[in-house]
Enquirer: 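Below are the structure tokens for one structure; questions will follow.
Residue numbers run from 1 in the order of the sequence given. We use all heavy atoms of the structure for the numbers below, so side chains are in, but hydrogens, waters and symmetry mates are not.
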Amino acid sequence: MSDLLDRVVLPVASDDDAEATARALDGHEFGSVLALHVVEKAGGAPDKAGVEQREEAAEEAFAVLKAHFGDDVDLETEIRYDTDVADAVFAAADDYGATAIVITPRGGSRWVQLLTGDVALSLVTETDRPVVVLPDIERTAGDEGGGDGE
């Protein structure tokens with residue numbers, strides 16, 4: 001195992017995202033994992049969804065990872081709350097002593113990314129540590145995602 005993937009932070013947004021990320025890690029050697037779900041706060045404005053609903057979504061995503069990796073992986077989970085998802089990921093990576101942040105970019109049209117901000121772009125361009133971008137094997141094999149209809 002390389003030192004690069006010795007301690008990784010896996011940001012996951014949903015159970016589908018967790019499955020795609022876990023699938024992308026198959027075949028790669030890695031050490032301990034911090035699975036991270038960030039509940040994006042609106043900063044004074046009404047949140048997009050209730051906190052309990054978002055925490056349930058996080059637990060579902062974590063359950064997908066636990067089921068996929070089983071007991072073979074040293075897996076920790078954490079939920080953070082922040083107005084900036086990328087900042088929360090960076091803070092978690094610092095606290096965890098991560099050697100890398102591993103992401104599998106989700107689909108979405110350029111229009112949606114422009115409107116919502118592109119967390120993956122921020123993770124790659126604003127980081128102080130390696131970011132490993134793994135392809136979504138299922139998406140690259142079939143659906144390219146990112147159609148204009150999203």
Enquirer: Salt bridge (Lys or Arg N to Asp or Glu O under 4.0 Å) with Arg7: which residues, sequence neighbours excluded?
Expert: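 Not a single residue meets the salt bridge (Lys or Arg N to Asp or Glu O under 4.0 Å) criterion with Arg7.
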
Enquirer: Give the cluster check for Leu34 versus Val85: same hydrophobic cluster or not, with ILVMFWY residues linked at side-chain heavy-atom distances below 4.5 Å.
Expert: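 Yes.
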
Enquirer: Under the side-chain hydrogen bond (donor to acceptor under 3.5 Å, both in side chains) test, which residues partner His28, sequence neighbours left out?
Expert: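 side-chain hydrogen bond (donor to acceptor under 3.5 Å, both in side chains) list for His28, sorted by chain: empty.
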
Enquirer: Atom CG of Leu5 and atom CG of Leu134: how far apart are they, to the nearest 0.5 Å?
Expert: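 Answer for the CG-CG pair, Leu5 versus Leu134, is 8.0 Å.
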
Enquirer: Partners of Glu56 by side-chain contact (heavy atoms from CB on, under 4.5 Å), sequence neighbours excluded?
Expert: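 Glu56 satisfies side-chain contact (heavy atoms from CB on, under 4.5 Å) with no residue once adjacent residues are dropped.
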
Enquirer: I need the single residue from Leu10, Ile101, Asp82 that forms a side-chain contact (heavy atoms from CB on, under 4.5 Å) with Val89. Which is it?
Expert: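 Going through Leu10, Ile101, Asp82 one by one, the side-chain contact (heavy atoms from CB on, under 4.5 Å) with Val89 is satisfied by Ile101 alone.
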
Enquirer: Do Leu4 and Thr99 have side chains that get closer than 4.5 Å, going by heavy atoms?
Expert: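 No - every pair of side-chain heavy atoms lies 4.5 Å or more apart.
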
Enquirer: According to ring-ring contact (aromatic ring centres under 6.0 Å, His included), who are the partners of Phe69, at least two apart in sequence or on a separate chain?
Expert: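 Result, ring-ring contact (aromatic ring centres under 6.0 Å, His included) vs Phe69: Phe30.
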
Enquirer: Is it the case that the side chain of Arg54 and the backbone of His37 share a donor-acceptor pair, with hydrogens and angles ignored and the cut-off at 3.5 Å?
Expert: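 Checking the backbone N and O of His37 against the side chain of Arg54, no donor-acceptor pair under 3.5 Å is found.
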
Enquirer: Which pair of heavy atoms, one from Val9 and one from Ala98, lies closest together, and at what distance?
Expert: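 Scanning both residues completely, I find the closest heavy atoms to be CG2-CB, 3.6 Å.
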
Enquirer: Can you pull out every salt bridge (charged side-chain N to carboxylate O under 4.0 Å, His left out) where at least one residue sits in residues 58-75? Sequence neighbours excluded, please.
Expert: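 Listed by first then second residue: nothing to list.
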
Enquirer: Run the side-chain contact (heavy atoms from CB on, under 4.5 Å) check on Glu76 and Tyr96 step by step: do they pass?
Expert: CA-CA 10 Å; Glu76 295 179 38; Tyr96 188 63; 3.7 Å; yes

Enquirer: Please enumerate all residues that pass side-chain hydrogen bond (donor to acceptor under 3.5 Å, both in side chains) together with Asp94, with sequence neighbours excluded.
Expert: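 Asp94 satisfies side-chain hydrogen bond (donor to acceptor under 3.5 Å, both in side chains) with Arg129 only.
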
Enquirer: So, for Ala35 and Phe62, which heavy atoms are closest and what is the spacing to 0.1 Å?
Expert: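 That closest heavy-atom pairing would be O-CE2, 3.6 Å.
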
Enquirer: For Glu40 versus Thr83, what's the shortest heavy-atom pair and its separation?
Expert: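 Glu40 and Thr83 have their closest heavy atoms at OE2-O, 3.7 Å.
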
Enquirer: How close do Pro135 and Thr104 get, heavy atom to heavy atom, and via which atoms?
Expert: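 The pair with the smallest heavy-atom distance is C-CG2, 3.9 Å.
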
Enquirer: List in chain and number order the residues that pass side-chain contact (heavy atoms from CB on, under 4.5 Å) with Ala86, two or more places apart in sequence or in another chain; answer none if no residue qualifies.
Expert: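 Listed in chain order: Asp84, Phe90, Ser122, Leu123.
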
Enquirer: With Ala61, which residues qualify under side-chain contact (heavy atoms from CB on, under 4.5 Å), at least two apart?
Expert: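 If we apply the side-chain contact (heavy atoms from CB on, under 4.5 Å) test to Ala61, skipping adjacent residues, the hits are Val12, Ala18.
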
Enquirer: If two hydrophobic side chains count as joined below 4.5 Å and joins carry through other members, does Leu75 share a cluster with Val64?
Expert: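 Result: no, two separate clusters.
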
Enquirer: For Val124, enumerate each residue passing the side-chain contact (heavy atoms from CB on, under 4.5 Å) test, keeping only those at least two apart in sequence or located in another chain.
Expert: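 Ile103, Val131, Val133.
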
Enquirer: Who pairs with Asp17 by salt bridge (Lys or Arg N to Asp or Glu O under 4.0 Å), at least two apart in sequence or on another chain?
Expert: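 Salt bridge (Lys or Arg N to Asp or Glu O under 4.0 Å) list for Asp17, sorted by chain: Arg106.
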
Enquirer: Which residues pass the side-chain hydrogen bond (donor to acceptor under 3.5 Å, both in side chains) test with Asp128, sequence neighbours left out?
Expert: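 side-chain hydrogen bond (donor to acceptor under 3.5 Å, both in side chains) check on Asp128 returns nothing, list empty.
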
